[in-house]
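To start, the structure itself, in structure tokens.
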Amino acid sequence: MEERAFKLSILCCNYTNLSEREDFFEVPVSLEIKRYPCSGKIEITDMLRALREGAKGVMVAGCMPGTCHNGRGSERAEKRVLGARKILEEIGLEPERISMFFVNRLDGEDFINKVKAFYREILNFELKGRERK
Amino acid sequence: MIIAERRPIPEILRNIEDYQKILVLGCRGCVAICSAGGDREVSIVAEAIRLARTLQGKPIEVLEDTFIRQCDPEYLEPLKDYQGKVEAVVSLACGVGVNLIADLYPEIRVYPGVDTSFYGANLSLGEWVEKCRGCGDCIIDRTAGLCPIARCAKNLLNGPCGGSQGGRCEVRKDMPCIWHEIVERLKARGELERLLEIWEPKDWRSAGGDGLRVRVREDLRLNGGK
């Protein structure tokens, strides 16, 4: 049960996927899902704020390149993730705590699998952190 | 425009480690255009500071504001409203803005949030290249508009150094040899003989060799400049 103690934040384009928290019951963490009109609208500030507000990892989810409702929003989001990661690196956090995921539009299974994979990655960071302590 | 680059967050943090309440102050001039110090960057730097300090167990209150410019006294006046309300200001303006705040508001502790890099052009999204060194004594009327002071790694004034190959600079292979370009362009215009003119030695005083550079235009000053 201890693994449930941490929170993951999903910043997601509204058009990419409509899955809600109950769809992720298999992922044993506290999930916060924030939706945006487009992943290109997700700012570096939003990603950093999610970490400051307690999330251990921030998943930015957008449509597969070429399928963005607004043209290239998810590619823009990917670039912003790079900017956020640079800041994490500078302040001594694992950059991978903020990650970009391209998700097949309205494919719930694809989305849930990517959340699970991200959860496992962040869980590893958390476990390593506890070992160091 | 003046090109600047965000300083690494640890350097910003080092300057403000003793403070609990600060202002991150942006500028909507050049640094906003080069995505180093406008509204968006203020928000990013402020949040990065909050996150880093929260992780350190020393939360900090960070206010955010962006002025139209920081290089004009009149646009800096709203800074008075922050006096006594914040312990320090991290300015994302170029060095001009930081210096002017330090001059006009000596009681405010101001720290740079960006490194001021050069005068450059925005060639494409996310790419800026130096075009001018601000030496105060332009010679580009003789060099087809291409500046060898800013764009030659050796700042040569009398033609290519001899080390360039295939039109590329020997110091920076990713850069063109600007003297190669000057010669090619003048040749194409049928003006190559312009390079045969003997130039007066360049006056480097206007480049800063004579101390602080000041320019006064009496035709613009009213009431003694007040």
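Sequence lines set the chain letters: A, B, ... in the order given, protein chains first and strands last, and positions in each chain run from 1. Quick caveat: nothing in here was measured; it's all calculated off a predicted structure.
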### B:Thr54 portion near chain A, given a 4.5 angstrom heavy-atom threshold
side chain
### Task
Could you tell me which portion of B:Arg53 (side chain, backbone, both or neither) has an atom closer than 4.5 angstrom to a non-hydrogen atom of chain A?
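Neither part, no heavy atoms under 4.5 Å.
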### Query
Hey, mind stepping through A:Ser39 and A:Arg76 against side-chain hydrogen bond (donor to acceptor under 3.5 Å, both in side chains) and telling me if it holds?
CA-CA 8 Å; A:Ser39 59; A:Arg76 193 178 294 275; over 6 Å; no
### Query
B:Tyr82 vs B:Phe67 aromatic rings, parallel, tilted or perpendicular, using cut-offs 30° and 60°?
tilted
### Task
Name the orientation class of the two ring planes belonging to A:Tyr15 and A:His69 (parallel below 30°, tilted from 30 to 60°, perpendicular beyond 60°).
parallel
### Enclosure of B:Arg205 CZ (heavy-atom neighbours >12, cutoff 6.0 Å)
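Counting neighbours around CZ of B:Arg205, 12 or fewer heavy atoms of other residues, nucleotides or ligands fall under 6.0 Å, so no.
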### Message
Under a 4.5 Å cutoff for heavy-atom pairs, which residue among B:Gln56, B:Arg6, B:Glu11 has the most contacts with chain A?
### Response
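Winner by heavy-atom pair count: B:Arg6.
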#### Entry: Most chain B-contacting option - heavy-atom pairs closer than 4.5 Å, from A:Lys79, A:Arg52, A:Arg49
A:Arg52
#### Entry: Atom group of A:Glu90 that falls short of 4.5 Å from chain B, counting heavy atoms
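Both backbone and side chain.
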#### Entry: Flag, side chain of A:Asn104 to backbone of A:Asp107, donor-acceptor distance under 3.5 Å
no
